[in-house]
Amino acid sequence: MTDERRLVIVSGKGGVGKSAVAASTALTAHRRGARVLALAMSGDGGGLAAHLGVPPLEFEPREDRPGLSTSVVNRSKALVEYLQVQVGLPPIMAFGPAVRAFDALASAAPAVREIVTMGKVLWEVKREVWDLVVVDAPPTGQIGSYLRAARSITELVLSGRIREQAAWMEHILAEPGATNLTLVTLAEELPTSETVEALTWLRKEEVVGETTVMTNRLLPPLDHASANLPSGRAGDAARLHLSLYTEQQRWLDRLPPDIRLPYLFGTMTPTEVSALLADTLEEVLP
Amino acid sequence: MTRALLVTGGGGVGKTTLSAALAVRAARLGHRTLVVTVDPARRLADALGIEYLGSEPAPHPSEPNLWAAMLDASASWTAIARRHATPEAAGRLVDNPFFNAATNHFPASQSYAAAEEAATFLDARAWELVIIDTPPAAGGIEFFTAPRAMTELVGGRVLKWVTGASIPGRKLFFDRATKPALRLADQILGSGLLEEIAQFLMDLRTTYDGVAQRSRQIESHLKKATTLVVTTSDPTPIREAVKFFRDLPEVAARPTAVVFNRTLPEDWIDARPGRVAAVFAENLKRWGDESRRQRDLRTEFEARYRTPLSHIGWQPVAPTDLDSLESLVSEATGFDLDALLS
């Protein structure tokens with residue numbers, strides 16, 4: 001990891017191993033001695049917590065191991081914090097109808113909810129307490145509205161405080177070398193086409209500094225050149241393996257060759273999965 | 001009487017292919033069958049070998065008794081506005097800059113539109129069986145909760161919170177703008193935005209009667225429908241299936257069965273490879289380990305949810321002809337899927 005890289009946002013279609021990759025990216029940086037914050041951006045962050053082997057995540061960053069902290073951005077807490085820190089809302093109002101009403105209005109206004117969540121994430125980057133912030137982000141289908149939130153605000157909102165904050169947020173996201181968007185995918189039809197679509201969108205919008213595609217669960221080649229396929233179960237397993245392998249290669253052709261992660265066969269807990277993936281990432285990440 | 005079979009589950013588990021397979025099987029068992037999807041990936045059309053699939057049910061070119069349709073989920077808000085709002089309000093809604101943004105913010109609108117269309121096909125009484133490949137949002141549960149969520153949304157829940165009035169007029173809305181809540185919103189968002197949001201929400205409010213009435217009809221269909229949950233033996237889809245069982249609202253009947261797709265043979269676990277080259281023995285060993293991982297996850301699921309399970313073997317390539325589609329259903333092991341079709 002370079003000295004400048006401060007933020008890695010991990011997204012991908014549901015079920016491709018997004019949380020596992022986010023956890024192992026954080027573990028890799030941590031093994032190399034960085035002070036890391038692993039942050040979940042959707043739901044309760046259960047997937048990220050399971051893959052790091054830590055208790056349920058909390059809103060306030062918590063140091064689970066020396067140098068490795070975790071947190072989850074809960075939208076209503078992020079909103080209260082946003083209103084207090086950025087707008088100077090007195091604490092007494094933070095629990096009243098004002099916050100609820102703002103939340104309700106914000107849910108109808110484009111980009112406002114997203115910018116409050118992104119604001120919290122980017123504030124953790126801006127604080128400079130961490131060498132690296134790794135984000136387990138919403139799935140590919142929604143990540144665009146988060147990445148574009150700052151620009152949408154700039155375009156839609158003519159005045160108001162929120163517009164002022166959008167500027168620095170847009171800057172951090174777009175800074176080359178500082179922010180990396182990692183798209184996790186599988187070499188299968190739907191994840192591949194979703195990833196290709198996302199890459200096209202990202203090239204057009206230029207909202208994020210750099211993008212890396214990590215293709216997960218790739219089968220190893222099966223060297224059978226010298227032998228005919230045997231009969232019995234070994235042959236059945238070989239036939240399944242070969243046709244899945246061929247199918248994967250077909251979709252792999254459409255994906256950028258950035259980083260490829262192995263299929264992990266067999267019974268494994270989430271922490272074992274992320275530890276094994278971190279072994280691979282330690283070799284390939286800059 | 002038209003029966004409804006809802007095929008539900010998270011994304012990427014093979015729901016659309018299985019829906020097509022069930023439809024082919026039902027048609028060949030002699031039932032007039034319609035299969036409906038909202039999947040924009042053309043998967044249903046490809047599986048059935050149909051060139052073009054639109055929102056109007058079309059008969060299959062070679063299979064008697066089989067009809068298919070694909071709903072356009074992206075047109076959902078427009079459809080809701082045109083169907084339930086006054087023409088004037090509908091025109092304003094479609095032109096409102098928040099209209100598209102609102103679709104992203106309230107994705108249940110897509111599930112709602114799909115449920116509304118599906119209910120129309122059930123009301124038509126033209127088929128004995130309508131198989132619905134439900135949208136995967138929130139592990140499939142959103143399809144069941146969308147009618148109520150949509151009614152609440154257009155019922156002005158948002159406006160009610162802001163103003164404290166159930167059906168506020170424009171004047172009331174801005175009179176209340178002196179309240180701290182709106183002053184706050186105004187300060188942060190800017191007043192132009194606030195005004196546009198208010199207009200949008202008030203126009204949306206005019207769809208309430210239509211949406212509320214239709215939602216009740218949809219929910220009555222959902223209660224009577226048979227539900228099949230599809231998953232693979234991987235952690236994420238299983239987590240979604242578990243969530244489905246846990247969060248199922250009272251409008252849905254308990255699923256009749258769970259289909260585990262892409263199942264590996266259990267006799268690969270600890271199998272002796274026989275006299276084969278080392279490369280094949282090693283390959284059987286790792287797939288045996290993988291099969292054990294799958295089995296452990298299924299066993300855990302079965303112990304908790306006590307629902308009949310059906311297993312479909314791992315097909316490396318999605319079937320694209322009617323015979324191989326049908327055999328997915330006829331060769332499934334465990335719970336007999338034919339029982340769902342008649």
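Side chains are part of it too, since the values below use all heavy atoms of this structure and drop only hydrogens, waters and symmetry mates. To find a chain, count down the sequence lines: A is the first, B the second, and so on, and within it residues start at 1. All values reported here derive from a predicted model rather than from experimental measurement.
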Compute the centroid of each ring, for B/Phe143 and then for B/Tyr112, and state whether the two points are separated by less than 6.0 Å.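 Distance test on ring centres: not under 6.0 Å, no.
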Need one label for B/Leu297: side chain, backbone, both or neither, based on atoms under 4.5 Å from any heavy atom in chain A. neither
Which atoms of B/Val276 are under 4.5 Å from chain A, going by heavy atoms: the side chain, the backbone, both sets, or neither?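 The answer is the side chain of B/Val276.
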Using non-hydrogen atoms and a 4.5 Å limit, figure out which bit of [X] sits close to chain B: side chain, backbone, both or neither.
X        : result
A/Leu242 : neither
A/Tyr245 : neither
A/Leu264 : backbone

For a quick check under 3.5 Å, do A/Trp251 and A/Glu247 share a side-chain donor-acceptor pair by atom type?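 Side chains of A/Trp251 and A/Glu247: pair found under 3.5 Å.
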Looking only at the side chains, is there a donor atom on one of A/Glu272 and A/Thr269 sitting less than 3.5 Å from an acceptor on the other?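 Yes, A/Thr269 and A/Glu272 have a side-chain donor paired with an acceptor closer than 3.5 Å.
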A/Leu244 side, atom CG; B/Trp287 side, atom CH2 - distance, nearest 0.5 Å: 5.0 Å
Between B/Lys285 and B/Glu282, is there a side-chain N and carboxylate O pair less than 4.0 Å apart? no
